[in-house]
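Here's the structure we're looking at; comments come further down.
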Amino acid sequence: MDILITGGTTFVSKCMAEYFVARGDSVFVLNRNTKPQPNGVTLIQADRNALGGALKNKRFDAVIDVNAYNASYVNGLLDALDGFDRYILISSSAVYPETAKQPFKEDTPVGANKFWGAYGLGKIQAEQALAARVADAHIIRPPYIYGKYNNVYREAFVFDCALANRPFYVPNDGSMKLQFFDVRDLCRFADILLSSSPAHRVFNVGGAPVSILDFVKYCYSAAGKDLDAVYVTNCAEQRDYFPFYDYEYELDVSEMRYLMPDITPLEQGFAYAFKQYVKDRTCVKAKNYIKYIDDNLARRA
């Protein structure tokens, strides 16, 4: 297949590009060429907000749109494309309002979420723009994605604490649930959608929810370390010292499970993510949680 992937140099889009190159497809990546390109791709150098004629006379069997953040991103790309057969939009679980009944199902009405703000609203607009113009497009709504090339300082922060033999500061009693999805499984699921073209158009994806404490244990275990947990209570802002909002939610992923029943167990997924992280930490945008902990929490412990 000739596949166009928006982005191609960061986390999800880079993994997508590498996955489909390995599958034997002709992969074209659309980006500004400010970072190294994956091996085996064809670069289409352009800013997707000013595409001009960058995609003129180019037709693709599939478009995998990874970095559409609002309606203008989608409409601009659709206006510039000469033709395509299939379209997959990587959206987000941020489209569900935090007040809706859980677990969120694909037919749960979308709306503003106070934790995700403009990001979630933009993803809603991108979905709506695509649905209005491409009736047979597929939309994927993941929870927290983790794994190779993750540029968000989530599991990498826990790895860093483990490697430094630090105790880990766990919010409250550590029972709050998080839902994750391995980026490799996301690539596999996109492949399944292209191969099977199911009638169902919107898919939640993810694994079973896991407690904060178990998530941290998996990360410490991946680093070959035992967890020394310090439980933090009465702290004003969880995000000052922990890389996730104080927000527990769950996606219903039964439609995904019907098409892809086998997903990567979290313990294996974080072990693989750790191996990739220690090979190259340059993709991660680190935040200074440790300074906050040392300045504000360690004195209490």
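For K291 and D294, the salt-bridge test fails: no basic side-chain N is under 4.0 Å from an acidic carboxylate O. Using a 4.0 Å cut-off between a side-chain N of Lys or Arg and a carboxylate O of Asp or Glu, R281 and D160 qualify as a salt bridge.
Residues N31 and T9 have side chains that never bring a donor and an acceptor to within less than 3.5 angstrom of each other. No hydrogens or angles considered: a donor-acceptor pair under 3.5 Å links the side chains of Y247 and N113. Side-chain atoms of K35 and T10 include a donor-acceptor pair closer than 3.5 Å. Looking at Q102 and D252, their side chains never bring a donor and an acceptor atom within 3.5 Å of each other. Looking only at atom types and distance, the side chain of K105 has no donor-acceptor partner in the side chain of N204 under 3.5 Å away. Y149 and E18 form a side-chain donor-acceptor contact under 3.5 Å, judged by distance and modelled atom types alone. Donor-acceptor pairing under 3.5 Å is recorded for the side chains of N33 and Q37. No donor-acceptor contact under 3.5 angstrom links the side chains of N172 and T233, judged on distance only. Y241 and N296 share no side-chain donor-acceptor pair at under 3.5 Å.
Of the possible polar contacts, none joining the K58 side chain to the I44 backbone as a donor-acceptor pair under 3.5 Å is found. Checked by atom type and distance alone, the side chain of D173 pairs as donor or acceptor with a backbone atom of S175 at under 3.5 Å. T6 places a side-chain N or O within 3.5 Å of a backbone atom of V66 that can act as its donor or acceptor partner. Under a 3.5 Å cut-off, the side chain of S91 and the backbone N or O of R141 do not form any donor-acceptor pair. With hydrogens and angles ignored, the 3.5 Å screen pairs no side-chain donor or acceptor of N70 with any backbone N or O of A126.
Results of the ring-ring contact (aromatic ring centres under 6.0 Å, His included) test with F244 over F180, F115, Y249, F157 single out F180 as the only residue that passes.
Classification of the F84-Y87 ring pair by plane angle, with boundaries at 30° and 60°, yields perpendicular. Ring orientation note: the planes of Y153 and Y289 are close to parallel, at an angle under 30° on the 30°/60° scale.
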ask   = Hey, mind stepping through Y19 and D191 against side chain to side chain donor-acceptor pair (under 3.5 Å) and telling me if it holds?
value = CA-CA 9 Å; Y19 176 91; D191 188 356; 2.6 Å; yes

From CA spacing to verdict: side chain to side chain donor-acceptor pair (under 3.5 Å), N67, R48 = CA-CA 10 Å; N67 58 4; R48 73 172 293 170; 2.7 Å; yes

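A cation-pi arrangement is found for R239 relative to Y245, the charged atom lying closer than 6.0 Å to the ring centre and inside a 45° cone about the ring normal. Relative to the ring axis of Y272, R184 places its NZ or CZ within 45° and under 6.0 Å from the centre.
Aromatic ring centres of F270 and F215: separated by under 6.0 Å.
Between L30 and I5, the closest side-chain pair of non-hydrogen atoms is not below 4.5 Å.
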